[in-house]
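Quick notes on the structure that follows.
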Number of protein chains: 2
Amino acid sequence: MKVAYEVVKARRDQIAQLLAEHQYLPLAEVCARLGISEATARRDLTALERDHAITRTYGGAVGDYNRRFDSFRERLAQSADAKRRIAHAALDLIKPRMVVYLDGGTTVHAVADALATGGPRPLTVVTNNLMVAERLSDIEGIELNVLAGQYLRRQAVILGAKTQTSAKLWRYDLALFGAEAMTARGLWNTQADVVAVERTVAKSTKSTVFLVDASKLGASAPVFLLSWTDIDKLMTDASTDVLSHAGIVLPNRSLVTC
Amino acid sequence: MKVAYEVVKARRDQIAQLLAEHQYLPLAEVCARLGISEATARRDLTALERDHAITRTYGGAVGDYNRRFDSFRERLAQSADAKRRIAHAALDLIKPRMVVYLDGGTTVHAVADALATGGPRPLTVVTNNLMVAERLSDIEGIELNVLAGQYLRRQAVILGAKTQTSAKLWRYDLALFGAEAMTARGLWNTQADVVAVERTVAKSTKSTVFLVDASKLGASAPVFLLSWTDIDKLMTDASTDVLSHAGIVLPNRSLVTC
DNA sequence: ATTTATATGATTGACTTCGATCATATAAAT
DNA sequence: ATTTATATGATCGAAGTCAATCATATAAAT
């Protein structure tokens, strides 16, 4: 029997809501909860998928509500192995009771990943990256703080003038940064606001460490960040040979290759 | 054939990673991507589910990586209808170019929901609630800012001394708050640090508005927040009769019932 | 009031997935 | 070197899911 359009819409909204809450629901569950037949449930799910509200699966559907950070995640996959190795080396720098700043990039996110599964405790972690925040929140022994500022969902990062102001509220023992490019002159990044925050943090940290995988060698990025003399350590999977060939020569204690 | 345990573990980690990226993958896709048989894929998925890394579905699996804010979502469902009505009434208070503060509770989240689908633009929104932040980020005409501070994932909220400091970085035209209880004396909340932030914001806003559904009438909460004379408006679904019966009497222009 | 359009639920056959079982290959233990 | 343990892939019957089709009831249009 035909039914008022509003009734249909309300029901589909309810299904979308249900899926936002439960992430996944089998078809039978949808039928049971709404008291509708398989056929109607199927039709509703198909319609909702057409409107990009959910994703159908064989036997049910998943909600799209939480599909954020997608572009960030894609970048996470690049050079994932090198990033993981660098991150594990970086763990050695972190000691219990430190206040550690974790930068917004994907390489530094690997450190958060490593920290989540174990490492020195207790720790105070400060970050402007919300994926890092998610990863490390509610972990025993880690107090997680975020900076203030404008939230940019695509990059999962908090930026802006207020971010710099709030970055000054802490004193860091160690700051772990990423960068988009490294050349003989130093380290570069793509966004001016990102660099602004990084420089602000660099001024109030005891130790400044950069984690940069080899793919960033010879890459180019428009905004100059810091020169080699400004940093305490570079951790990379690029070999000393390749680095010096690119004109990057650092004292032994400032370079960790892995 | 038996295979080194590390190989198995690495493969399962890879599947979990893949699911974190794609949220949902059908079994056949897992087989294809890893070059393994259905049987092995099934066994891997079962093992991963046992470790609470993923959730199995009929025909595939979904990643658990993003299942956050769950307890907050549950509270969202309570009195959902009243919250929605109150939120829609609150929309009228918001005018283009305002700087609006949105509090951490579930009632205020309904305002974010309403704002997301339409309303006055442009707006500057400031919040300490990350689910509100998610909801309103990347929306044309809305600049979304978050406060600094310690991130408490269960409540999806940012709190602490630094939160108060960063709350003072803005001047608000309008602040929308929730509360856990209302009595003749005024409004109450459960957590001292939540109240601390709310009071800080209340001091730097032109207009202080509370959105409280009827279920909070007669409820009790330990921390006193503000008395009725301190606020500019109360929006509630409780009737004037019921309110006055509870000893709450407000001037007409300060009370919106819906 | 009559007609038209369509939302729903039931049915059916084709297709897919599942769990159990088994043979086999290889890592780990002895 | 030999034995033991187990990870893997193949197979198969059972159970579940899907898309298509159809009759029907009711909203919307006339």
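Chain identifiers are assigned alphabetically (A, B, ...) following the order of the sequence lines, protein sequences preceding nucleic acid strands; residue numbering begins at 1 within each chain. This one's a predicted model, so the numbers in the text were calculated from it and none came from an experiment.
Distance, B:K9 NZ to D:dA7 P: 15 Å, rounded to whole Å. Between the CZ atom of A:R42 and the P atom of D:dT17 there is a distance of 8 Å, rounded to whole Å. Atoms CZ (B:R11) and C1' (C:dA27) sit 14 Å apart, rounded to a whole Å. Distance A:L27 CG to D:dG16 C1': 11 Å, rounded to the nearest Å. For the pair B:D44 CG and C:dC18 P, the computed distance is 14 Å after rounding to whole Å.
At a threshold of 4.0 angstrom between heavy atoms, the contacts of B:T46 with the nucleic acid are absent.
Phosphate contact (OP1/OP2 of C:dG19, side-chain N/O of B:R43, threshold under 4.0 Å): absent.
At a cut-off of 3.5 Å, with distance as the only test, a side-chain donor of B:T106 or B:K83 sits close to an acceptor on the other residue.
Taking every heavy atom of residues 32-39 of chain B and every atom of DNA chain D, pairs under 4.0 Å involve B:S37, B:A39, by number.
Ranking D:dA19, D:dA7, C:dG9 by closeness to the A:T40 side chain, first place goes to C:dG9. Closest contact between the side chain of A:Y58 and the listed nucleotides D:dA15, C:dC15, D:dT8 involves C:dC15.
Within the structure, salt bridge (Lys or Arg N to Asp or Glu O under 4.0 Å) pairs that include any residue of residues 117-128 of chain A do not occur (at least two apart or interchain). The list of salt bridge (Lys or Arg N to Asp or Glu O under 4.0 Å) pairs with a residue in residues 209-219 of chain B, not counting sequence neighbours, reads B:D213-B:K216.
An end-to-end axis angle of 50° holds for the helix from C:dA1-D:dT30 to C:dT30-D:dA1, taken from five base pairs per end and rounded to 10°.
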Return a table of donor-acceptor pairs under 3.5 angstrom between the side chains of residues 33-40 of chain A and protein atoms on other chains or two or more places apart.
| from | atom 1 | to | atom 2 | distance (Å) |
| --- | --- | --- | --- | --- |
| A:R33 | NE | A:E29 | OE2 | 3.2 |
| A:R33 | NH2 | A:E29 | OE2 | 3.4 |
| A:S37 | OG | A:A39 | N | 3.4 |
| A:S37 | OG | A:T40 | N | 3.3 |
| A:S37 | OG | A:T40 | OG1 | 3.3 |
| A:E38 | OE1 | A:R42 | NH2 | 2.4 |

Between side-chain atoms of residues 87-105 of chain A and protein atoms elsewhere (two or more places apart, or another chain), which donor-acceptor pairs fall under 3.5 Å?
| from | atom 1 | to | atom 2 | distance (Å) |
| --- | --- | --- | --- | --- |
| A:K95 | NZ | A:D92 | O | 2.9 |
| A:Y101 | OH | A:N128 | OD1 | 3.3 |
| A:D103 | OD2 | A:G178 | N | 3.1 |

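No donor-acceptor distance shorter than 3.5 angstrom exists from the side chain of B:R12 to the backbone of B:L48, with no hydrogens or angles considered.
Atoms OG1 and CD, on B:T57 and B:E49 in that order, are 9.5 Å from each other to the nearest 0.5 Å.
Side chains of B:N145 and B:V125 form no contact here, defined as non-hydrogen atoms less than 4.5 Å apart. A heavy-atom distance below 4.5 Å is not found between the side chains of B:L19 and B:V62.
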